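Working notes, structure below.
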2 protein chains.
Amino acid sequence: MYLRNNITRLLQYRSCLTKFQELGFETIYSYNLGKHIGVSAEQIRKDFSKFNIRGNKKAGYNIEEIITAINKIFKKNSPQNVLLIGYGNLGQSLMKYKGFSGNMFHIKAVIDIDPSKHKRKTLIPVLSPEKAPEIIKKNGIKIGILAVPDVAAQEMCNLLIKAGIKGILNFSSLVLKAPEDIQINNINLGNELEAIFYHIQLKQKTN
Amino acid sequence: MYLRNNITRLLQYRSCLTKFQELGFETIYSYNLGKHIGVSAEQIRKDFSKFNIRGNKKAGYNIEEIITAINKIFKKNSPQNVLLIGYGNLGQSLMKYKGFSGNMFHIKAVIDIDPSKHKRKTLIPVLSPEKAPEIIKKNGIKIGILAVPDVAAQEMCNLLIKAGIKGILNFSSLVLKAPEDIQINNINLGNELEAIFYHIQLKQKTN
DNA sequence: GCATTTATGTTAATATAATCACAATAAAAG
DNA sequence: CTTTTATTGTGATTATATTAACATAAATGC
């Protein structure tokens with residue numbers, strides 16, 4: 001089935017392999033990794049092969065090697081600065097979120113239109129939209145996390161792109177209009193839930 | 001390109017069409033809708049055709065009809081009860097999130113293992129895991145939103161499935177093990193960000 | 001050191017999705 | 001009423017992804 005694309009799968013492989021590594025394993029077979037992730041062994045070998053990750057016939061893959069290779073694919077040498085736009089309910093949660101604020105990403109600043117939310121002296125400052133271009137340029141920020149209400153999303157998107165941002169993680173339910181060379185990934189929480197409902201119904205029908 | 005599957009697209013169509021409707025439009029052409037969403041007109045006609053949504057040659061599609069049809073596909077007659085597991089940083093944010101707590105979904109209760117977080121008298125009560133089965137059965141809840149740390153995710157998943165839950169929206173970075181008939185959708189915020197980085201690099205290389 | 005075993009890596013086959021091309025047809029124009 | 005025009009709906013084509021099949025090679029056992 002067509003559930004995930006190979007880029008997403010690579011990240012899942014790494015996440016799973018890190019856990020195996022912590023448990024003391026040094027090598028793994030495509031079959032075992034696949035069973036843990038819910039992907040066929042052939043799929044894993046194909047993915048590895050495509051990104052030139054090589055194993056040892058009979059002895060499987062070296063976990064350390066795979067992780068290093070995947071990190072290289074994602075250029076995971078240094079933590080990357082990102083800009084968070086929107087310091088509302090979701091924005092505040094994302095700021096504290098471990099997956100973002102952990103070792104891989106660093107939220108350099110938060111942008112919000114509401115002056116009462118601005119804080120200049122905190123570890124992660126909350127600033128007005130006018131400050132965004134300066135922050136983006138000074139820190140070479142490439143990615144913005146857009147967590148603002150739909151009504152403000154396109155305007156903030158335009159501002160970010162004008163300031164040099166190349167990728168946006170969009171939490172609004174709007175389909176943002178942007179040039180071809182800007183990478184936009186959408187997370188629509190409401191739609192995800194509805195999709196689950198749909199699939200549940202489908203499964204119940206077929207049984 | 002293979003960006004979204006047709007179920008996700010249907011939800012995007014509805015979201016966009018609702019906005020058109022609010023602006024006073026009554027009909028729409030596949031071409032216009034496609035331009036707004038970033039999908040080809042043929043794709044839209046194929047999707048509509050597949051779900052038996054019919055238009056009028058030369059006059060396009062009736063917006064009201066499409067929305068009604070999509071709602072029917074997703075059984076959007078009555079709001080659905082869901083259970084939120086995890087009242088931490090992300091969980092609290094999700095509880096207040098409009099897309100969930102709006103008119104489509106109703107979070108009936110929140111489950112958290114930490115007794116200091118329990119609140120029985122609030123509009124949405126925060127309860128211990130032991131209460132989950134009762135709540136699920138009494139309210140016919142089919143879906144759980146899992147927003148707990150990785151270490152607790154599988155255990156809570158098992159609890160939910162045992163209590164009769166059929167679908168899980170999983171925010172942990174774990175790949176949950178569950179029977180085939182349980183629908184699990186994963187949202188991994190960290191991976192989403194990394195995927196954007198990858199795509200940006202790719203685009204820069206090819207230019 | 002040779003045979004056996006078992007995993008990889010890749011080519012071929014299959015399945016699925018997106019795009020193209022165009023016939024069908026409803027509305028509008030003349 | 002006839003012709004023109006524009007849009008739908010779908011079969012054919014192309015592209016992409018997944019699965020199957022199997023040759024290859026490393027490790028193990030004898």
Side-chain angles (χ1 to χ4, degrees), chain A residues 1-13 16-17 20 25-70 73 175 180 195 198-199 202 206, chain B residues 1-13 16-17 20 25-70 73 175 180 195 198-199 202 206:
Chain A
M1 272 183 248
Y2 284 60
L3 294 170
R4 328 188 186 76
N5 64 28
N6 54 5
I7 287 303
T8 312
R9 281 198 304 264
L10 280 184
L11 292 167
Q12 289 187 308
Y13 299 160
C16 186
L17 288 169
F20 272 109
F25 290 94
E26 290 186 0
T27 60
I28 195 160
Y29 304 131
S30 56
Y31 171 76
N32 293 114
L33 181 58
K35 215 173 75 175
H36 272 265
I37 299 200
V39 156
S40 75
E42 296 83 7
Q43 180 78 79
I44 284 175
R45 295 205 298 275
K46 260 277 165 74
D47 286 340
F48 284 179
S49 174
K50 181 169 180 180
F51 290 100
N52 215 43
I53 297 169
R54 304 276 139 182
N56 181 321
K57 292 194 196 223
K58 182 96 189 205
Y61 297 89
N62 179 282
I63 293 178
E64 183 71 41
E65 268 177 44
I66 308 175
I67 292 175
T68 306
I70 296 179
I73 291 163
V175 178
E180 277 288 313
Y198 177 80
H199 288 295
L202 217 63
T206 53
Chain B
M1 274 184 246
Y2 283 60
L3 295 171
R4 326 186 187 76
N5 63 29
N6 54 7
I7 286 304
T8 312
R9 280 199 304 267
L10 280 185
L11 291 166
Q12 290 186 306
Y13 299 160
C16 185
L17 289 168
F20 271 109
F25 291 93
E26 291 187 357
T27 61
I28 196 160
Y29 303 130
S30 58
Y31 171 77
N32 293 114
L33 180 59
K35 215 173 74 175
H36 272 266
I37 299 199
V39 156
S40 73
E42 295 82 9
Q43 180 78 80
I44 285 175
R45 295 204 298 275
K46 263 275 164 75
D47 285 340
F48 283 179
S49 173
K50 182 171 180 180
F51 290 99
N52 215 43
I53 296 170
R54 303 276 139 181
N56 182 320
K57 297 201 190 215
K58 182 97 187 198
Y61 297 88
N62 180 282
I63 293 178
E64 182 70 43
E65 267 178 44
I66 307 173
I67 294 176
T68 305
I70 295 177
I73 291 163
V175 178
E180 277 289 313
Y198 177 80
H199 286 296
L202 218 65
T206 53

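Below, chain A is the first sequence line, B the second, and so on; all start at residue 1. The structure displayed is predicted, hence computed values, not measured ones.
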- Query: What is the distance from CD of Gln43(B) to C1' of dT16(C), rounded to the nearest Å?
  - Reply: 12 Å
- Which whole-number value in Å describes the distance from Asn56(B) CG to dT5(D) C1'? 14 Å
- Whole Å only: how far is the CD atom of Glu42(A) from the P atom of dA12(C)? 17 Å
Check nucleotides 23-25 of chain C against the protein and report each pair of N or O atoms closer than 3.5 Å, with its distance, or say if there are none.
residue, atom, partner, partner atom, Å
dA24(C), N3, Lys57(B), NZ, 3.3

- Task: Give the C-alpha distance, both sets of side-chain angles, the deciding distance and a yes or no for side-chain contact (heavy atoms from CB on, under 4.5 Å) between Asn6(B) and Tyr13(B).
- Result: CA-CA 10 Å; Asn6(B) 54 7; Tyr13(B) 299 160; over 6 Å; no
- Tyr61(B) OH - dA26(C) C1' separation (whole Å): 14 Å
- Query: Going through the distances and angles, do Ile67(B) and Glu65(B) end up as a side-chain contact (heavy atoms from CB on, under 4.5 Å)?
  - Reply: CA-CA 6 Å; Ile67(B) 294 176; Glu65(B) 267 178 44; over 6 Å; no
- Query: CG of Asn62(B) versus P of dT8(D): gap in Å, rounded?
  - Reply: 13 Å
- Euclidean distance, Gln43(B) CD relative to Phe48(B) CZ, rounded to 0.5 Å: 11.0 Å
- Euclidean distance, atom OH of residue Tyr31(B) to atom P of dC20(C) [Å, nearest integer]: 14 Å
- Message: Within this structure, what is the CG-CD distance for the pair Leu10(A) and Gln12(A), rounded to the nearest 0.5 Å?
- Response: 10.0 Å
- Message: Measuring to OP1 and OP2 of dT19(C), would you say a side-chain N or O of Ser40(B) lies under 4.0 angstrom away?
- Response: yes
- Query: Roughly how far, to the nearest 0.5 Å, is CD1 of Ile28(A) from SG of Cys16(A)?
  - Reply: 6.0 Å
- Message: Take a 6.0 Å sphere around CZ of Phe25(B) and say whether it holds more than 12 heavy atoms from other residues, nucleotides or ligands.
- Response: no
- Query: So with a 6.0 Å cut-off around OH of Tyr31(B), is the heavy-atom count from everything else above 12?
  - Reply: no
- Strand contacts (DNA chain C) in residues 44-54 of chain B, 4.0 angstrom heavy-atom criterion: Arg45(B), Lys46(B)
- side-chain contact (heavy atoms from CB on, under 4.5 Å) between Ile66(A) and Phe20(A): does it pass, once the steps are laid out? CA-CA 12 Å; Ile66(A) 308 175; Phe20(A) 272 109; over 6 Å; no
- Message: Using whole Å, what does the distance between atom P of nucleotide dA6(D) and atom CG of Asn32(B) come to?
- Response: 14 Å
- Message: Between Tyr61(B) and Arg45(B), does the side-chain contact (heavy atoms from CB on, under 4.5 Å) criterion hold? Intermediate values first, please.
- Response: CA-CA 10 Å; Tyr61(B) 297 88; Arg45(B) 295 204 298 275; 3.6 Å; yes
